[in-house]
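Take a look at the structure set out below.
Position 1 is the first residue of the sequence, and the numbers go up from there.
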Amino acid sequence: PACVARSSVVARTRTAIEEASKGGGLGQLFSELGGKQEFSLLEVARADATFSRVYVLSNAHLVCHIEEVMPLNLFEDAFLDGPAWDADGVFAEGERSGFERSR
């Protein structure tokens, strides 16, 4: 995978619950619910072979706290030709270990 992510989602409205029950991803859910979206970057961090970001995406219907971890070479041409990134265990201990944080 190019990215490993985990998120927690809080529905603020009955409409959000009804739309979420139809299935699909977060992007589809925000698209269906419409309205102004707010993005707040909370953290950017770097480890030996990966980088991560933590942010909140919200609107009148939803609040999503999202953590993403990606390999450092994700945006290099060599990423596609190189060995597969081993994303197993990124969140195994509940927290991202080995990261230097930048806020």
Any heavy-atom pair between the side chains of S7 and L26 that's under 4.5 Å? yes
Got a sec, which pairs hit ring-ring contact (aromatic ring centres under 6.0 Å, His included) with one end in residues 8-29, sequence neighbours left out? none
From L33 atom CG to E18 atom CD, the distance as rounded to the nearest 0.5 Å: 10.0 Å
Of all the heavy-atom pairs spanning L29 and A20, show the shortest one and how long it is. CD1-N, 3.6 Å
Taking all non-hydrogen atoms of both residues, which atom of I17 and which atom of A11 are closest, and how far apart? CG1-CB, 3.7 Å
Considering only residues two or more places apart or on different chains, which pairs with a residue in residues 21-48 satisfy ring-ring contact (aromatic ring centres under 6.0 Å, His included)? F39-Y55
If you apply the rule side-chain contact (heavy atoms from CB on, under 4.5 Å), what do you find for M70 with V4, and how did you get there? CA-CA 7 Å; M70 296 152 271; V4 176; over 6 Å; no
Could you name each residue pair satisfying side chain to side chain donor-acceptor pair (under 3.5 Å) that touches residues 22-42, not counting sequence neighbours? E19-K22
Could you walk me through whether S52 and V44 pass the side-chain contact (heavy atoms from CB on, under 4.5 Å) test, one step at a time? CA-CA 6 Å; S52 68; V44 174; over 6 Å; no
Taking all heavy atoms of L41 and all of V54, pick out the closest pair and write down the distance. CD1-O, 3.6 Å
Residues that F75 engages under ring-ring contact (aromatic ring centres under 6.0 Å, His included), provided they are two or more places apart: none
Anything under 3.5 Å between a donor and an acceptor, one on a side chain of residues 59-66, the other on a protein residue two or more places apart or in another chain? List them.
unit_1 : atom_1 : unit_2 : atom_2 : d
N59    : OD1    : H61    : N      : 2.7
N59    : OD1    : L62    : N      : 2.9
N59    : ND2    : G34    : O      : 3.3
H61    : ND1    : T13    : OG1    : 2.8

